[in-house]
Amino acid sequence: SSMYKHHSIRIYGEDNNYAFQVIIKEKGVHWHKYHDIVNTKNKNLEQVKELAYIVIKGTISDDEKEKSMLRDLYRRIK
């Protein structure tokens, strides 16, 4: 488990068989929004961390251009 700002990333699994879950903290709310667990195959731990970061950044961004760019990036490397 790791953190980005107040949001969490949970990574499950082992060598080249990981899954991750993104947990978003809503501003001003005392609970978190749990996203679906995303399975990844043939990805090492660093690649899974990068994918999870892209998902968090794309989810919390207010800039539509940035969101679009991050979605495209995610699709290419997933």
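Start at 1 with the first residue, then count along the sequence.
In this structure, NE2 in His35 is found 4.5 Å from CD1 in Ile24, a value given to the nearest 0.5 Å. Taken from CD in Glu66 to CZ in Arg71, the straight-line distance is 11.0 Å, to the nearest 0.5 Å. In this structure, CZ in Arg10 is found 4.0 Å from CD1 in Ile23, a value given to the nearest 0.5 Å. Within the model, atoms NZ of Lys78 and NZ of Lys41 stand 10.0 Å from one another, a figure rounded to the nearest 0.5 Å. Atom CG of Asp63 and atom NZ of Lys57 lie 9.5 Å apart (nearest 0.5 Å).
Both Met69 and Ile56 are members of a single hydrophobic cluster when ILVMFWY side chains are connected at heavy-atom separations under 4.5 Å.
Here the closest heavy-atom approach between residue Tyr53 and residue Ile9 is recorded as N-CD1, 4.2 Å. The two residues Arg75 and Asp72 make their nearest non-hydrogen contact at NH1-OD1, 3.2 Å.
Contact check for Tyr74 versus Val38: side-chain heavy atoms found under the 4.5 Å cut-off. In this structure the side chain of Gln21 reaches within 4.5 angstrom of the side chain of Tyr12, judged on heavy atoms. Considering only heavy atoms from C-beta on, Val22 stays 4.5 Å or farther from Thr59 through its side chain. At least one side-chain heavy atom of Lys49 sits less than 4.5 Å from a side-chain heavy atom of Ile11.
When each of Ile37, Thr40, Asn39 is tested with Phe20 by the rule side-chain contact (heavy atoms from CB on, under 4.5 Å), just one qualifies, namely Thr40.
At distances below 3.5 Å, at least one donor-acceptor pair connects side-chain atoms of Lys43 with backbone N or O atoms of Ile77.
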